[in-house]
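These notes are about the structure you will find just below.
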Amino acid sequence: MSATIATQAPAREATEWTPEKLFREIPSWMELLKSDQSDEEVRHELLTRIHTIQVEHEFPEQWYSDLEEITVRDCARSLRAIFKLRNERRAGFELLPALRDLAKGNERSDLSPAFIADLVHLFRGLQRQTGLYEHVIAESDLEGREAALARSEQLDEVWERATAFMSRYKHGLMPEVIEKRESNRTGILEAFSATLEDWNSARWQFRHVARTAEQLEAMTPLTPDERECIRFATANRIPFGVTPFYASLMDVEPESTDDRAIRAQVIPPANYLDEMVAHRDDREWAFDFMLERDTSPIDLITRRYPAIVILKPYNSCPQICVYCQRNWEIEECLAPHAMADPESLSRAIEWIREHPAIREVLVTGGDPLVMSDRRIRDILQKLADIDHIERIRIGTRLPVTAPMRITHSLVNMLARFVIPGRREICVVTHVEHPYEVNPDMVAAVHRLRLAGISVYNQLVYTFYNSRRFEAALLRRLLRLSLIDPYYTFGTKGKAETRNYRVPMARIVQESKEEARLLPGLARTDEAVYNVPRLGKNYIRAWQHRDLIAILSDGSRLYEFHPWEKKLLNQQTYFGTDTPILDYLERLREIGEDPKEYESIWYYY
Ligand code: SF4
């Protein structure tokens with residue numbers, strides 16, 4: 001048996017990402033970059049050199065780790081792509097002249113350390129210097145049971161490492177966390193002179209949504225920054241809201257960081273607020289990243305795929321997620337005029353009836369479960385009366401923000417629309433972090449499942465759930481809560497949500513090195529990037545995108561292929577990522593060791 005395993009890279013030298021460091025990686029290129037030859041001659045020579053390394057990699061004189069060879073191939077491919085004239089033009093950034101300036105010592109203050117760091121790693125990969133495969137397991141002649149035992153031991157070690165990471169994170173099903181939250185709930189009820197019966201009423205929750213810093217502070221302590229940001233949001237009419245139930249998931253100890261993801265979910269950061277204010281009057285144009293305006297054939301309907309449409313009968317929520325895709329549309333938490341007018345709704349449903357290609361309707365908004373049971377039933381009944389509708393999907397975050405809304409009567413009403421073999425009803429929820437999981441949510445989902453309603457989760461992969469094995473732990477908890485992981489969304493390039501963004505390379509790294517370790521049923525989610533107008537684009541394979549540039553600030557530029565690329569002649573989409581070095585530095589600021597993430601550089 002022969003095996004190689006990747007282990008963590010050894011500690012690297014103190015990291016200063018200077019041009020000197022870059023040129024130490026490629027001393028033999030210096031002369032060429034400094035030469036008097038034209039850019040096009042130099043480009044031709046560089047591409048030839050990369051090609052030569054690629055060919056040598058196919059027929060190496062010395063035998064290296066197979067995985068190191070694959071990295072050589074990946075880096076060569078990426079370098080060839082970013083040096084191509086076509087891609088430089090598409091990117092609007094000239095890489096070769098930039099490198100020539102650096103080599104000649106010309107001032108290029110626009111080139112950031114993150115830009116240099118990404119190139120350094122590309123060159124390291126090209127020269128088999130990643131450090132990822134230094135601990136190669138020697139060839140083994142074990143066979144049969146002995147080989148299996150050795151392999152089993154190796155797998156135990158891999159899982160041990162995974163659980164060591166997962167044990168760093170607290171989750172909401174731990175007895176001490178449950179106890180803490182019961183105490184939070186008692187404190188909130190006292191503040192409102194309310195009862196447990198009130199607490200268990202969704203209507204009471206909605207009536208007591210915190211819409212100001214003072215109201216939230218009556219339920220949970222805030223830092224001065226948080227208070228300031230919420231005050232600014234309310235003063236500028238930027239949607240903000242937190243249900244008492246969600247507030248009870250926040251820690252009251254000022255030093256706690258366990259609830260970081262929960263607070264980040266609803267408390268807007270300063271740069272988000274600045275963008276929202278700057279685009280107060282053109283929000284619809286500035287923030288409609290998915291270009292719903294170009295994909296809505298009739299009011300209240302969005303269509304991006306052949307067989308499914310989105311129907312939006314209610315466009316508000318009892319709690320506002322900062323990075324909400326529809327922040328251009330949601331004007332206020334539980335806005336009084338959020339319900340669609342009956343005529344528009346009837347026309348939208350009639351439009352669905354006239355389009356037999358549509359087999360599934362996603363009822364979303366906003367959060368449609370804020371509507372009364374009667375309204376929901378009326379909408380579902382009209383959809384159920386359409387012969388070609390096979391599935392009705394309800395998008396809601398209420399299992400997390402107000403699970404008491406999932407009452408027996410609501411569940412029974414939904415269940416009446418399930419006809420095995422004919423029509424399915426399912427719920428797609430949005431749990432973001434292990435700390436959000438809680439016993440009330442689990443009980444609500446159980447009620448749905450017992451009634452024959454399947455429940456799925458859409459995870460938005462943000463900075464706040466992207467530490468090593470953080471999302472893997474969430475997937476395990478979701479499955480134990482009878483929820484199937486469905487999609488993991490890469491954060492979109494919305495300027496106002498840059499605090500939440502995670503590089504594409506981290507999403508791929510997570511799915512390869514963390515999610516992959518879980519049993520198949522716990523990692524049923526597909527990682528996707530939402531392309532404006534066209535919709536979800538898988539990101540697990542190079543078949544779906546190309547790296548075409550590394551921009552001066554270190555962000556990678558990808559060319560995404562449309563999902564229907566072999567069916568219809570659609571345009572590709574160019575999306576800018578967030579710089580890997582900046583992401584790693586932010587992780588360092590919250591106590592992570594960037595070396596634990598070192599292989600991120602070698603995903604493209
Ligand atoms: S629950 Fe969904 S629609 Fe509502 S604010 Fe959050 S992301 Fe937006």
Side-chain angles (χ1 to χ4, degrees), residues 301-314 317 325 349 352 357-371 373 375-403 405-432 436-437 440-460 474-475 477-489 520-526 528 530 535-536:
I301 297 268
T302 303
R303 187 181 192 186
R304 300 189 191 109
Y305 311 102
I308 176 169
V309 292
I310 290 172
L311 174 67
K312 299 183 286 187
Y314 181 82
C317 292
Q325 173 173 308
I349 293 174
I352 295 172
I358 296 161
R359 319 307 287 189
E360 178 168 337
V361 178
L362 164 59
V363 182
T364 184
D367 199 319
L369 291 192
V370 170
M371 295 185 294
D373 287 7
R375 273 193 206 269
I376 298 170
R377 188 198 59 213
D378 289 351
I379 293 169
L380 295 191
Q381 188 60 61
K382 286 179 182 146
L383 292 172
D385 288 343
I386 302 175
D387 279 350
H388 53 266
I389 296 304
E390 297 167 359
R391 185 173 305 100
I392 302 171
R393 201 194 296 185
I394 297 168
T396 175
R397 202 167 130 75
L398 287 180
V400 186
T401 58
R405 174 66 185 97
I406 317 296
T407 57
H408 284 290
S409 58
L410 173 70
V411 171
N412 290 340
M413 180 270 285
L414 296 178
R416 280 201 285 278
F417 292 97
V418 177
I419 304 177
R422 164 75 188 87
R423 188 188 312 116
E424 184 187 0
I425 304 292
C426 52
V427 162
V428 179
T429 191
H430 176 187
V431 189
E432 274 291 283
E436 280 188 340
V437 176
D440 296 290
M441 179 198 92
V442 176
V445 173
H446 194 201
R447 289 194 283 279
L448 290 164
R449 295 297 297 249
L450 282 176
I453 298 165
S454 38
V455 184
Y456 300 93
N457 192 58
Q458 296 196 148
L459 172 72
V460 180
L474 175 62
R475 291 185 188 92
L477 293 166
L478 288 173
R479 280 299 307 177
L480 291 173
S481 311
L482 311 179
I483 301 175
D484 292 312
Y486 175 42
Y487 277 123
T488 293
F489 286 93
L521 290 182
R523 54 173 162 84
T524 44
D525 49 328
E526 178 77 49
V528 290
N530 246 334
K536 297 174 196 74

Item checked: Closest approach of Arg447 to Pro403 (non-hydrogen atoms, all atoms of both residues) -> NH2-O, 3.7 Å
Notebook entry, point to check: Under 3.5 Å, is there a donor-acceptor pair between the side chain of Asp367 and the main chain of Leu369?
Noted result: yes
Next item on the list: Over all heavy atoms of both residues, which pair between Arg405 and Leu398 is shortest? Give the atoms and the distance, please.
Entry: CG-CD1, 3.6 Å
Note to self: Is the shortest side-chain heavy-atom distance between Cys317 and Arg397 below 4.5 Å?
What the structure shows: no
Notebook entry, point to check: If you round to the nearest 0.5 Å, how far is CE of Met441 from CG of Leu477?
Noted result: 8.0 Å
Notebook entry, point to check: Looking at Ala357 and Arg303, what are the two nearest heavy atoms and their distance?
Noted result: CB-NH2, 3.7 Å
Check: So, for His430 and Val400, which heavy atoms are closest and what is the spacing to 0.1 Å?
Finding: O-CG2, 3.8 Å
Item checked: Partner residues of Thr524 under the side chain to side chain donor-acceptor pair (under 3.5 Å) criterion, sequence neighbours left out -> none
Note to self: Testing the basics here: between His388 and Ile352, what is the closest heavy-atom pair and its distance to 0.1 Å?
What the structure shows: NE2-O, 3.0 Å
Item checked: Flag side-chain contact, heavy atom, 4.5 Å: His446 against Val442 -> no
Checklist line | From CZ (Arg393) to CG (Leu311), nearest 0.5 Å | finding: 13.0 Å
Check: Can Ile358 and Ile386 be said to form a side chain to side chain contact (heavy atoms under 4.5 Å, CB included), step by step?
Finding: CA-CA 10 Å; Ile358 296 161; Ile386 302 175; over 6 Å; no
Next item on the list: Supply the atom-to-atom distance Leu478 CG to Leu459 CG, rounded to the nearest 0.5 angstrom.
Entry: 8.0 Å
Next item on the list: Decide yes or no on side chain to side chain donor-acceptor pair (under 3.5 Å) for Thr429 and Asn457, but give the supporting numbers first.
Entry: CA-CA 5 Å; Thr429 191; Asn457 192 58; 5.0 Å; no
Note to self: Rounded at 0.5 Å granularity, tell me how far CG in Leu362 sits from CD1 in Ile392.
What the structure shows: 11.0 Å
Note to self: Donor-acceptor check, side chain of Glu360 to backbone of Ala307, threshold 3.5 angstrom: yes or no?
What the structure shows: no
Item checked: Heavy-atom pair of closest approach, residues Ser481 and Val437 -> OG-CG1, 4.1 Å
Notebook entry, point to check: For the atom pair NZ (Lys312) and OG1 (Thr364), what is the distance rounded to the nearest 0.5 Å?
Noted result: 8.5 Å
Check: Are there more than 12 heavy atoms of other residues, nucleotides or ligands under 6.0 Å from atom CZ of Arg375?
Finding: no
Check: Measuring from Tyr487:OH to Asp525:CG, what's the distance to the nearest 0.5 Å?
Finding: 11.0 Å
Would you tabulate the side-chain donor-acceptor contacts of residues 411-426 under 3.5 Å, counting partners in other chains and residues two or more places apart, or write 'none'?
from	atom 1	to	atom 2	distance (Å)
Asn412	ND2	His408	O	3.2
Arg422	NH1	Ile389	O	3.3
Arg422	NH2	Asp387	O	3.0
Arg423	NH1	Phe417	O	2.8
Arg423	NH2	Ala384	O	3.3
Glu424	OE1	Arg391	NE	2.7
Glu424	OE2	Ser454	OG	2.9

